[in-house]
Amino acid sequence: MSDTGTGTETGACPAGLAAAPPLLPAPGPEPEGLLPPGVAAGTSSGEAPRLGSFLARAAAATAVLTVLGAVLGLVRDQAIARYFGASDASDAFLIAWTVPEMAATLLIEDGMALLLVPAFSLALTRRAAAGEAPGSDPVRDLVATTLPRLFLLLAGGAALLIAGAPWVVGVLAPGLADPRLAVDCTRLTSVTVLTFGITGYFSAALRAHRSFLPPAGVYVAYNLGIIGMTLALHAVWGVRAAAVGVAVGSVLMILTQLPMFLRLVPLARPRLPRFGRPGRRAARTAPPLGFAVLAPVVLFVVSRQSQVLVERFLASTLPAGAISHLNYAQKVAQMPMVLSLMICTVTFPVVAQAMAAGDREKARLRVERDLGLAGTVVLLGTAVVLGYAPQIIEVLFQRGAFDAADTASTAQVMRVYALGLLGHCLVGALSRPFFSSGRPTWFPAFAMGTGLLVTMGAGYALTYRFGVDGIATANAIGISTTALLLLMGLGTRVVPIRTRAVALSLGRLTGASLVAGVAGWACAPLVPDPVLSLAAGCLLVPSAFFLTGLALRSPEVVSLLALTRRRFLDGR
């Protein structure tokens with residue numbers, strides 16, 4: 001799916017968004033530079049709120065593609081579970097998959113976005129301020145000074161990873177009896193260091209230009225590549241087929257965005273990159289992206305993804321299948337978190353441009369609204385996971401080599417993981433405002449490093465006694481520590497959010513989530529068939545969540561119910 005609207009170089013309204021109902025309330029008049037395509041700066045107050053509707057439609061469309069990508073991700077995991085179960089082969093692949101997972105976090109989901117969305121937003125702001133004045137285009141200069149260097153750097157990193165695969169596997173999983181299969185899979189997946197980097201660059205540029213559909217569709221293409229290769233080649237290459245699929249899918253991610261990137265982003269003439277200082281013209285107009293800005297982002301993202309490294313390091317000492325149980329549980333449990341962060345993904349360019357324009361009040365309102373909405377989504381999902389984890393795993397995975405014992409172990413771990421979902425959501429949501437100004441900031445890295453140390457300490461303390469449940473508990477404790485530090489630090493360092501009000505709102509939503517989760521846990525065994533039980537839970541849990549939220553006077557629940565009433569009962 002691609003954008004087909006009449007886009008300009010400052011963005012394009014994604015096709016198919018016009019009919020989508022707005023899910024987010026319009027935040028009121030927007031400052032200059034924050035208006036969607038087609039709404040010029042200085043428009044009347046009646047036109048300015050179109051940005052709120054545009055963001056709502058963009059969030060809805062992004063969520064649809066994200067859900068489709070997540071469904072295909074489940075199909076991918078089902079294929080791997082069906083053919084390889086929870087075994088030495090699946091453990092080997094998952095160890096190799098650590099490389100793409102880290103690369104995705106660093107180069108697509110967090111790192112590249114946190115660096116480049118503010119940079120492109122600043123370049124677009126400078127372009128708008130310059131108007132028709134002659135001179136260099138800040139967006140073109142930014143691409144010219146960053147993309148060639150990035151390509152060469154990532155290509156070198158992929159080559160080093162291929163050569164050092166045995167060492168990487170030895171560090172990630174020293175407890176493996178025979179690491180050769182994991183080494184082969186690691187070499188096959190190493191290309192993602194390059195392909196994910198280009199994907200993340202394209203995604204950041206397109207989102208800054210308000211084009212959201214191609215970036216949202218990359219995981220659809222990625223999972224299709226893995227599924228196709230696994231189904232076609234598993235009988236010949238075994239689990240290596242899935243590793244080939246990772247490489248093929250990562251190339252499809254680039255192709256998904258390339259047409260729109262070429263359409264919206266102006267490119268300078270190709271030239272051989274020089275790793276010295278940029279040309280004087282580019283230096284005047286391109287936003288700075290030096291080591292001082294890069295290092296805090298990289299350290300934060302690497303520390304965040306190191307949570308997975310700690311888990312797999314500890315799980316490699318447990319019986320075969322432990323890494324697989326952790327992986328399946330985490331992938332399913334984190335789906336609500338991924339959906340909740342779609343709101344922040346869409347609004348991040350708005351926050352970045354507000355910070356570039358110096359409008360901190362606008363940024364505060366947007367961040368507070370995003371935290372409430374994201375918290376509502378992730379805590380509703382948490383309640384479903386707590387109540388119906390066994391039914392979810394049985395419906396999704398219990399077939400072929402994945403038996404009832406695997407279902408029980410995975411479901412138990414998934415319930416423990418669910419306790420940290422709010423923390424994961426808040427870390428993703430709160431980190432964006434910290435980096436939205438494009439200036440160096442080390443506090444997120446400090447908070448993430450502190451949480452990682454907590455995870456490591458708790459993991460070593462709990463794994464020996466509680467096995468994979470102890471690892472999942474350590475994850476929840478560590479990420480929640482990081483979220484608390486970021487929440488306390490944001491208001492005093494970057495955006496003056498009302499920390500106490502936000503915490504109180506999230507506390508009410510957490511209470512509603514616990515009540516709904518307990519209700520689901522109690523009622524789930526009453527329906528023996530897992531599909532019917534899960535279907536009943538999809539009605540029971542949201543009802544209990546919203547009724548409890550209403551009783552607790554949660555502002556988000558009250559607002560959503562009022563919006564629903566206006567739209568479906570009053571016809572407005």
Side-chain angles (χ1 to χ4, degrees), residues 1 64-101 103-104 108 162 165 180-196 199 214 216-257 320-321 323-335 338 392-407 410 530-531:
M1 186 179 296
V64 169
L65 284 177
T66 300
V67 169
L68 179 58
V71 169
L72 289 173
L74 291 176
V75 175
R76 171 203 69 204
D77 291 343
Q78 286 173 336
I80 295 172
R82 179 181 180 85
Y83 293 121
F84 312 111
S87 63
D88 293 340
S90 62
D91 284 354
F93 170 71
L94 292 172
I95 290 167
W97 209 0
T98 304
V99 172
E101 285 181 324
I108 301 177
I162 292 172
R180 288 177 296 179
L181 182 57
V183 170
D184 290 345
C185 291
T186 300
R187 284 179 169 145
L188 290 169
T189 60
S190 295
V191 68
T192 57
V193 172
L194 173 61
T195 52
F196 281 6
T199 297
V218 294
Y219 284 107
V220 174
Y222 176 61
N223 287 322
L224 285 174
I226 300 176
I227 293 168
M229 292 297 100
T230 301
L231 295 178
L233 301 175
H234 74 275
V236 180
W237 290 352
V239 79
R240 293 179 181 84
V244 172
V246 170
V248 171
S250 69
V251 174
L252 295 178
M253 296 171 91
I254 296 176
L255 298 179
T256 298
Q257 301 184 97
I323 294 176
S324 298
H325 293 149
L326 284 168
N327 173 75
Y328 294 133
Q330 188 180 65
K331 291 292 172 59
V332 178
Q334 288 190 352
M335 283 184 64
V338 173
I392 294 172
I393 297 300
E394 183 175 353
V395 170
L396 293 178
F397 297 118
Q398 190 172 315
R399 57 186 59 86
F402 198 96
D403 57 23
D406 292 323
T407 294
T410 304
V531 175

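The side-chain hydrogen bond (donor to acceptor under 3.5 Å, both in side chains) test applied to Asp184 returns Arg240, not counting sequence neighbours.
Ring planes of His325 and Phe402: perpendicular class, angle over 60° (limits at 30 and 60°). Using the six-membered ring where Trp is involved, Phe93 and Trp97 have ring planes that are tilted, between 30° and 60° apart. In this pair, Phe196 and Tyr222 present their aromatic rings perpendicular. The plane angle is above 60°, beyond the 30 to 60° band.
Here OH of Tyr328 is found 5.0 Å from OG of Ser90. Values are rounded to the nearest 0.5 Å. Separation of atoms CD (Gln398) and OG1 (Thr407) is listed at 3.5 Å; rounding is to 0.5 Å. His234 NE2 to Arg82 CZ: the interatomic distance, rounded to the nearest 0.5 Å, is 9.0 Å. With rounding to the nearest 0.5 angstrom, the CG atom of Asn223 is 8.5 Å from the CE atom of Met253. Summarising the geometry, atom CZ belonging to Phe84 is positioned 11.0 Å from atom CG belonging to Leu94; distances are rounded to the nearest 0.5 Å. In this structure, CD on Gln330 lies 7.0 Å from CG on Asn327, to the nearest 0.5 angstrom.
Under the 3.5 Å distance criterion, the side-chain polar atoms of Arg187 are matched with a main-chain donor or acceptor of Ile162.
Among all heavy-atom pairs drawn from Leu74 and Met335, the shortest one is CD1-SD, 3.9 Å. The minimum heavy-atom distance between Ala221 and Thr256, with the atom names listed, is CB-OG1, 3.4 Å. The heavy-atom pair separating Ala247 from Val191 by the smallest distance is CB-CG1, 3.5 Å. In terms of heavy atoms, Thr186 sits closest to Val99 at CG2-CG2, 4.1 Å. Taking each heavy atom of Thr98 and Ile95 in turn, the nearest pair found is OG1-O, 2.9 Å. Of all the heavy atoms in Ala79 and Thr230, the pair that sits closest is CB-CG2, 4.4 Å.
In this structure, Tyr219 and Leu72 have side chains that are not in contact, with every pair of non-hydrogen atoms separated by 4.5 Å or more. Side chains of Gln78 and Leu396 form a contact here, defined as non-hydrogen atoms less than 4.5 Å apart. Under the 4.5 Å side-chain criterion, counting only non-hydrogen atoms from C-beta, Val218 is in contact with Gln257.
With Ser250 as the partner, the side chain to side chain donor-acceptor pair (under 3.5 Å) test is satisfied by one option alone out of Thr195, Thr189, Thr199: Thr195.
Atom CZ of Arg180 is surrounded by 12 or fewer heavy atoms from other residues, nucleotides or ligands within 6.0 Å.
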> Would Thr410 and Phe397 satisfy side chain to side chain contact (heavy atoms under 4.5 Å, CB included), going step by step from the backbone distance to the final call?
Replying inline: CA-CA 10 Å; Thr410 304; Phe397 297 118; 5.6 Å; no
